[in-house]
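Reviewing the structure listed below.
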There are 2 protein chains.
Amino acid sequence: MSWRKEERRAERGYHHGNLKEALLQAALGLIAEKGAAGFTFADAARMAGVSAAAPYRHFRDRDELLSSIAQRGFEQFESRLTAAWDDGRPDTVTAFERVGRAYLAFAREEPAFYNAMFESGLPVDANAALQAASERAFNVIRAAAERLAALAPPGTPRPPAMMMALHIWSMAHGVASLFSRGDAARRKLPMSPDELLEAEVLIYLRGLGFTTDRRPPAKGAEPPPVPPEAPSGSSVPPGGPWGKPK
Amino acid sequence: MSWRKEERRAERGYHHGNLKEALLQAALGLIAEKGAAGFTFADAARMAGVSAAAPYRHFRDRDELLSSIAQRGFEQFESRLTAAWDDGRPDTVTAFERVGRAYLAFAREEPAFYNAMFESGLPVDANAALQAASERAFNVIRAAAERLAALAPPGTPRPPAMMMALHIWSMAHGVASLFSRGDAARRKLPMSPDELLEAEVLIYLRGLGFTTDRRPPAKGAEPPPVPPEAPSGSSVPPGGPWGKPK
DNA sequence: AGCTCATGTGAACGACCTTTACATGAGCCG
DNA sequence: CGGCTCATGTAAAGGTCGTTCACATGAGCT
């Protein structure tokens, strides 16, 4: 199966044609396998079928390749969070929790990106573009928090949206880092990371005075075009947000 | 200032006498400086004044040194959390929050340990002793959560202590990872990581039905030996747990 | 057809990790 | 005290990496 070097070269000619992209893909695979620490520039070059020096025509050094991947990761992250938020449809709380699940899903399904973004040890502010991409992703959470904060029950002081966003981010990140990745996922838990985060966010929102039970989907009925955002439910889901304690 | 090799050797003789400990200390310093990724076995050996092969008499390989440090870190972590918890004195909620602050303080003040424990990428379950030490540290949080859960207000379903512990752990870990370490700490925040976590935990506890304002310390009065644990305060601190929104 | 410049090669350097054969000397036993 | 032994150190060597440099190739423009 494995081509010898000459055959491979013969097949693609002296110039690769798309080496930059090939290197990014190779690195992504290697990071997924062995983590950002175990990934080597030389391996990526081998996998793309070029010499060890070739990558330097496309990346200043190994770190720049890594941070390119992190940046791409933040872009995909932002796009998934945005899709999950779906501009707050069908209602703010439901959409908000969907964002939380999307956070965990990303950590689970894109371990290579997540690793490069959060666990590779590269400084966020090394690259301006990287930092900007990271901020755009956070802004999705922040915008969602703004909408949520605007729904704060009357009579209570309105929580600062920025603080809410940071809180939610820290919860999602904490759960993802501790329980939803690689070996850490092997810790035995009484519930899935998704359930854990969902309960955590629900309890938190209740602590802010939100009524967090969503109305059951009306069968066959379309959701109203502009759902009346006044919380409609009564109080607490039976058994609390964590389900029935046995 | 820097001894030449022969002089150093002359001073300490052929045998170092305490190399294992010296290597651990050297590694700790190097990790604090350059992160677990940037730390090298050879550097630690140099710093201890021995050849590059000497460390292999005390550690199977570089990873074993790293995991020794992580293990030591978990032990110190446990001891600091235990001290902060102080068996729930003067009252459970106060002590609980002190544990949260201790978590952040550890991340801030012992970056080398924290790095080895949580950011070095070494699998937690590689080493049985390491895993055990990690679990002992978590058990401090868990025990505190048990006590807290026992105080759940009557009439509401009692939250599972294990879940509470996991929630608090994820919050502390999320805040520490995102905002309280190295470059990440440079993200501009509307409040300090400590305040952020404290508000987060308070809101969470309120969401569970706890009354989280502590009584003001009676001036000059000793705290009662066994504080009556029935929540004594009335409701919400003025302005909510996050202080006055401006 | 010929030029140019982006892109790839091979060789080389120094640093690191790790293994192997050998050196040293501290502690014990007679 | 003399000698043995074994834990602990050293030097040397092999393999991998990251990185640089002089040089080769050929795609695309003139």
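Note on naming: letters A, B, ... go to the chains in the order of the sequence lines (proteins, then strands), and numbering restarts at 1 for each one.
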Note to self: I'd like to know if B:E64 pairs up with B:K20 as an ion pair, taking the criterion as any Lys NZ or Arg NE/NH1/NH2 lying under 4.0 Å from an Asp or Glu carboxylate oxygen.
What the structure shows: no

On a heavy-atom basis, the closest approach of B:A95 and B:R89 is CB-O, 3.6 Å

Nucleotide nearest [X] (side chain, heavy atoms from C-beta), chosen from [options]:
| X | options | value |
| --- | --- | --- |
| A:A52 | D:dT19, C:dT9, C:dG8 | D:dT19 |
| B:R62 | D:dC17, D:dT10, C:dC17 | C:dC17 |
| A:Y56 | D:dT8, D:dT10, D:dG18 | D:dG18 |
| A:T40 | D:dT10, D:dG18, D:dG9 | D:dG18 |

Evaluate the side-chain proximity of [Y] to [X]: yes if any heavy-atom separation is below 4.5 Å, no if none is.
| X | Y | result |
| --- | --- | --- |
| B:S177 | B:Y114 | yes |
| A:M164 | A:Y204 | yes |
| B:V175 | B:Y103 | no |

When the distance from [atom1] of [X] to [atom2] of [N] is rounded to whole Å, what number comes out?
| X | N | atom1 | atom2 | result |
| --- | --- | --- | --- | --- |
| B:L23 | D:dG9 | CG | P | 9 Å |
| B:F41 | C:dT18 | CZ | C1' | 10 Å |
| B:M47 | C:dA15 | CE | P | 15 Å |
| B:F59 | C:dC17 | CZ | P | 14 Å |
| B:D43 | C:dT18 | CG | C1' | 17 Å |
| A:R46 | C:dG10 | CZ | P | 14 Å |
| B:K20 | D:dA7 | NZ | P | 14 Å |
| B:H58 | C:dT18 | NE2 | P | 16 Å |

With heavy atoms under 4.0 Å as the rule, sort [X] into base, sugar-phosphate or nothing.
| X | result |
| --- | --- |
| A:A54 | base |
| B:A53 | base |
| B:G17 | sugar-phosphate |

Could you tell me whether B:F74 and B:F118 have their ring centroids closer than 6.0 angstrom? yes

To the nearest 0.5 Å, atom CG of A:L81 lies from atom CG of A:D86 at 13.0 Å

Contacts of A:F39 and B:R57 projected onto DNA chain D by closest heavy atom; the upstream (5') one is B:R57

What residues 24-34 of chain B contributes to the DNA chain D interface at heavy-atom separation below 4.0 Å is none

